[in-house]
Amino acid sequence: MSVNIVAFGNERDVLSEDSQQSSLMWSYLRRSALISEIDSSPSAEHARSAVTTEYQACVFGNVRLVVHDCPLWDIFDSDWYTSRSLIGGADIIVIKYSVNDKTSFQDLKDSYVPMIKKALNHCSVPVIISAVGARKNAVPCTCPLCTLDRRSCVTTSEGAQLAKEFGATYLELHALNDFYIQKYFGGVLEYFMIQSLNQKSSEKMKKRKKTQKCHRLQPPQLEQPEKMPILKGEASHYDSDLHNLLFCCQCADVAFYSEDSSKVVEAHKVILCSVSHVFMLLFDVKSPADIHDPSILRTAQSLFAVEAGAGLPTPHGVPPCSVPIRVVVKDSVFCSCLPDILHFIYSGAFQWERLEEDIKKKLKDSEKTEHVLEKVKCILKTPGKVNSLQDCQSHQIKRLYSTSLRLFFNTPVLADVIFTIQGATVPAHRAVLVARCEVMAAMFNGNFLEANSILVPVYGVSKDTFLSFLEYLYTDSCCPASILQAMSLLICAEMYQVMRLQHICELYIITQLQSMPSRELASTSLSIVSLLKKAKWRSAIS
């Protein structure tokens, strides 16, 4: 894409003693910070008469800029075809004159401006009229901006009137220095360059779509909605995350064995303890004195036994989950069904009918099936209550650990990793983190320092934001207190690539902005531009 500029007129001061004074266009090309790779050469067609000088350069990085500088108005008299071709191909026209050359200005006004108007033929090409130089006569005049003689200098009012009749932009450049060239003349010229590039880009897009050209373009009549469209949050995959954790067996810290020492299945203490007081008692989360229901004590003693030495402390710097605790399942029938029971627990403990059907197919004995199901109900029993088969078939125990895992949030109980952030420590459980966050799963199971370290530093977020992030991983819920907190949590969620939490934060921000009155929004310290920039930078879907 290119921009063509055609400049007419001689801006050199006839009263100046400097015969080597630079032209306006050449001064701009040399001084502008946006111009690069300048090449100047006489036009091939007019090399003999040197009527036109052509400059080629790059602007805005990769846009080709072509400037035809015609200092002599004789081109309109000697070669009308060439002058008309130059005007027809121009994106911007610059007309320049010296304020101390009244005769040339009068010729421009009377003869050449009508010719340019005729050649343009009502085309919407921007025109800049530049009055160059400082008026040097000492005789006072009535010009409001100077004290000169109207008879020998071109006044401001005369130049402005010409620009008004022509429909052009009028500029007075008292000197060809950095201020007038770069900030004044350059600013106006670059504005028209951008407008020209936008117009060309729009026309190019229309050609691609093969739309017919219309002489009158009507603005689109679109109905503006009162509010932004409702965003639908991503469905929760909390249950599937924890269920997949059992299949991959990452960060497993307990292994169940049969009495003949053959391994049955591996699991995670924090998940088991979140659904059952039996496992809390087994893994010393609670003591027998804390359990007032004797049936829970009997169930734990009759079903499981932790092998001696399984609870020994691990070497310094080695994560506890690297040495799983060995638990022997005393009941052989229950042991054979343990993989199905763990799948039932990890999937949310609400598919009772499916568990019942799977155990029936495996055992093919109604008494044994009833025996195993009673043991499962005892494991899932709430102290002080009696769990009937009807309770298990209903939604009484549905989504047990979605709320029970909150008991282990930000507590050192069963914690096997400690995050250090802003001088504080935050305990957590690798099993929950690995199940709920793919970035942390790669971090704790790959060839990273965090995989073999208990202390893990966290950078880039505050402690409160990181705690809110962990709370979502544990409970699948998020309740930001403000838009700013939601923005911080959005950044943290994007950093750890938790997409559903990103959607929740985006939905909260949009909902709050929609419901907030404009006066209240203006009174807050929120910057909508800043929010949009952050959203764009973070690739927010909303």
Side-chain angles (χ1 to χ4, degrees), residues 237-238 240-255 266-274 283-285 309-326 346 405-406 408-476 478 488-502 505 537-539:
H237 39 79
Y238 187 87
S240 60
D241 286 343
L242 295 181
H243 190 242
N244 293 335
L245 179 65
L246 181 64
F247 284 101
C248 65
C249 289
Q250 293 180 345
C251 300
D253 52 5
V254 58
E266 291 183 337
H268 309 83
K269 289 186 287 186
V270 65
I271 306 297
L272 300 177
C273 291
S274 68
F283 300 129
D284 297 329
V285 175
L312 294 178
T314 57
H316 177 70
V318 178
C321 64
S322 60
V323 184
I325 291 179
R326 293 171 59 92
Y346 273 71
L405 272 180
R406 186 183 292 274
F408 298 94
F409 166 64
N410 197 22
T411 62
V413 179
L414 300 179
D416 52 10
V417 62
I418 299 176
F419 293 100
T420 58
I421 177 170
Q422 294 183 336
T425 58
V426 178
H429 306 81
R430 292 172 185 258
V432 179
L433 305 178
V434 167
R436 299 281 287 139
C437 178
E438 294 183 359
V439 172
M440 289 193 176
M443 182 173 66
F444 288 127
N445 293 283
N447 297 323
F448 298 99
L449 184 64
E450 293 83 358
N452 298 313
S453 177
I454 296 178
L455 294 176
V456 177
V458 177
Y459 306 100
V461 295
S462 66
K463 178 186 175 183
D464 293 338
T465 301
F466 191 70
L467 281 174
S468 299
F469 172 72
L470 289 182
E471 184 178 11
Y472 169 79
L473 297 184
Y474 276 75
T475 65
D476 200 40
C478 171
S488 301
L489 191 56
L490 173 62
I491 294 173
C492 183
E494 200 279 338
M495 183 167 61
Y496 287 100
Q497 298 181 18
V498 182
M499 297 300 298
R500 183 170 181 268
L501 181 57
Q502 292 184 54
C505 294
W537 179 55
R538 293 287 172 185
S539 303

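Keep in mind it's a predicted model, so treat the numbers as computed, not measured. Computed over heavy atoms, backbone and side chain alike; hydrogens, waters and symmetry mates excluded.
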Specify the closest pair of heavy atoms between [X] and [Y], including all atoms of both residues, with the distance to one decimal.
X: Cys273; Y: Phe283; answer: SG-CD1, 3.7 Å
X: His268; Y: Ala431; answer: CD2-CB, 3.6 Å
X: Pro324; Y: Ala252; answer: CG-O, 3.8 Å
X: Asp253; Y: Lys269; answer: OD1-N, 2.8 Å

**Phe466 and Phe469 aromatic ring geometry - parallel, tilted or perpendicular at 30°/60° bounds** =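 Rings of Phe469 and Phe466: tilted, as their planes differ by 30° to 60°.
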Hey, what do you get for [atom1] ([X]) to [atom2] ([Y]), rounding to the nearest 0.5 Å?
X: Ile271; Y: Phe408; atom1: CD1; atom2: CZ; answer: 9.0 Å
X: Arg406; Y: Glu471; atom1: CZ; atom2: CD; answer: 5.0 Å
X: Ile325; Y: Glu266; atom1: CD1; atom2: CD; answer: 12.5 Å
X: Leu414; Y: Asp284; atom1: CG; atom2: CG; answer: 9.5 Å
X: Leu473; Y: Leu501; atom1: CG; atom2: CG; answer: 7.5 Å

**Asked** Out of Met440, Arg436, Glu438, which one pairs with Tyr496 under the side-chain contact (heavy atoms from CB on, under 4.5 Å) rule?
**Response**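 Passing option: Met440.
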**Residue that, paired with Ile421, satisfies side-chain contact (heavy atoms from CB on, under 4.5 Å) out of Val458, Thr465, Asp464** =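 For Ile421, the side-chain contact (heavy atoms from CB on, under 4.5 Å) test succeeds with only one of Val458, Thr465, Asp464, which is Val458.
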Side chain proximity check, [X] to [Y], heavy atoms < 4.5 angstrom:
X: Phe444; Y: Glu450; result: yes
X: Leu405; Y: Leu242; result: yes
X: Pro427; Y: Val417; result: no
X: Asn445; Y: Cys251; result: yes

**Message:** For Val426 and Phe409: C-alpha separation, side-chain torsions, deciding distance, then whether side-chain contact (heavy atoms from CB on, under 4.5 Å) applies.
**Reply:** CA-CA 9 Å; Val426 178; Phe409 166 64; over 6 Å; no
**Item:** Expected output: side-chain Arg430 to main-chain Asp416 donor-acceptor under 3.5 Å
**Value:**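 Side chain of Arg430 to backbone of Asp416: a pair is present.
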**Item:** Verdict with supporting geometry, Leu470 and Leu433, side-chain contact (heavy atoms from CB on, under 4.5 Å)
**Value:** CA-CA 8 Å; Leu470 289 182; Leu433 305 178; 3.7 Å; yes
**Message:** Test side-chain contact (heavy atoms from CB on, under 4.5 Å) on Cys505 and Ile491; report intermediate values, then the result.
**Reply:** CA-CA 9 Å; Cys505 294; Ile491 294 173; over 6 Å; no
**Request:** Would you kindly check if the NZ (Lys) or CZ (Arg) of Arg500 is within the cone defined by 45 degrees around the ring axis of Tyr238 and under 6.0 Å from the six-membered ring centre?
**Result:**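 So Arg500 doesn't make the cation-pi contact.
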**Item:** Residues which pass side chain to side chain donor-acceptor pair (under 3.5 Å) with Gln422, listed by chain and number, not counting sequence neighbours
**Value:**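 Result, side chain to side chain donor-acceptor pair (under 3.5 Å) vs Gln422: none returned.
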**side-chain contact (heavy atoms from CB on, under 4.5 Å) between Val434 and Cys437, intermediate numbers included** = CA-CA 6 Å; Val434 167; Cys437 178; over 6 Å; no
